[in-house]
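Beneath this line is the structure, given in structure tokens, with notes to follow.
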Amino acid sequence: MKSLPLFLCASLFLSACASYTPTHIALNPSAPQSINQIDQYASIAVSTIDVRKANFIVRFNKGDDAAELISPSEPIRQQLDSVFKQALTKVGYQVNPAATNSVQFQLDYLLTDVTESTFGFEAKTALTINVIAKNERQEFTKIYNGKGTLTGPFSPDYATLELDMNKLIDELNTKIINDTELHQFLQQ
């Protein structure tokens with residue numbers, strides 16, 4: 001009989017934990033590995049801006065009910081800025097805000113749309129980064145896109161969504177940092 005109150009208390013605490021829904025997702029993009037090294041010393045100014053229309057990065061679609069929106073735990077602009085600066089430094093550039101050559105990374109779109117059904121879920125992620133590089137004579141613009149789909153049984157857990165989003169961000173960042181066309185322009 002003594003274990004019954006303990007069991008009821010434990011059940012109450014566990015049910016409270018199970019009903020907790022996080023309101024943020026922690027993204028943690030990493031600096032991509034580069035297959036390129038620049039041939040000559042180059043100094044560039046690097047900036048990153050977020051031009052998305054909304055701050056949320058995950059949308060749980062609820063049919064006729066309002067969608068549940070989840071924001072990043074840290075500003076993604078700051079995280080991407082740090083990643084791109086680290087990556088360009090590894091390639092051999094000197095990041096200098098006063099440099100005449102510049103590159104701006106614009107986060108145009110980042111969203112995971114989650115649709116749940118009776119038997120599972122489908123999460124579709126889309127990511128768009130626009131790169132604008134400038135030197136004294138001309139401008140280089142290129143749009144990089146990434147898409148991913150994640151499916152599974154039951155409801156998605158936040159850790160799985162975080163891993164999938166980080167993987168897509170890292171893949172696209174690697175594509176950008178290893179773009180020989182971009183490096184050729186930056187070294188002009």
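Computation of the quantities below employed the complete heavy-atom set of this structure, encompassing side-chain atoms and omitting hydrogens, waters and symmetry-equivalent molecules.
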Honestly curious: do [X] and [Y] fall in one hydrophobic cluster under the side-chain, below-4.5 Å linking rule?
X    : Y    : answer
L161 : L163 : no
F105 : V83  : no
I132 : L172 : no
F56  : I76  : no
Y109 : M165 : no

Mind checking the [atom1]-[atom2] spacing from [X] to [Y]? Nearest 0.5 Å is all I need.
X    : Y    : atom1 : atom2 : answer
Q86  : D81  : CD    : CG    : 10.0 Å
I129 : N173 : CD1   : CG    : 5.0 Å
I57  : S73  : CD1   : OG    : 8.0 Å
D113 : R59  : CG    : CZ    : 4.0 Å

Nonpolar side-chain network containing I49, other nodes, edges under 4.5 Å: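 Its cluster mates, by chain and number, are V51.
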Salt bridge (Lys or Arg N to Asp or Glu O under 4.0 Å) involving [X] - partner list, sequence neighbours excluded:
X    : value
D170 : none
R77  : none
E139 : K134

Using atom types as modelled and distance alone, determine if a side-chain donor or acceptor of [X] lies under 3.5 Å from a backbone N or O of [Y].
X   : Y    : value
Q79 : L27  : yes
T89 : K85  : yes
N61 : T115 : no

Salt bridge (charged side-chain N to carboxylate O under 4.0 Å, His left out): pairs with one or both residues in residues 142-167, sequence neighbours excluded: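 Non-adjacent pairs meeting salt bridge (charged side-chain N to carboxylate O under 4.0 Å, His left out): K142-D179, K142-E181.
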Pairs flagged by ring-ring contact (aromatic ring centres under 6.0 Å, His included) wherever residues 168-188 is involved - sequence neighbours left out: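 Every pair satisfying ring-ring contact (aromatic ring centres under 6.0 Å, His included) with a residue in residues 168-188: Y93-H183, F140-F185.
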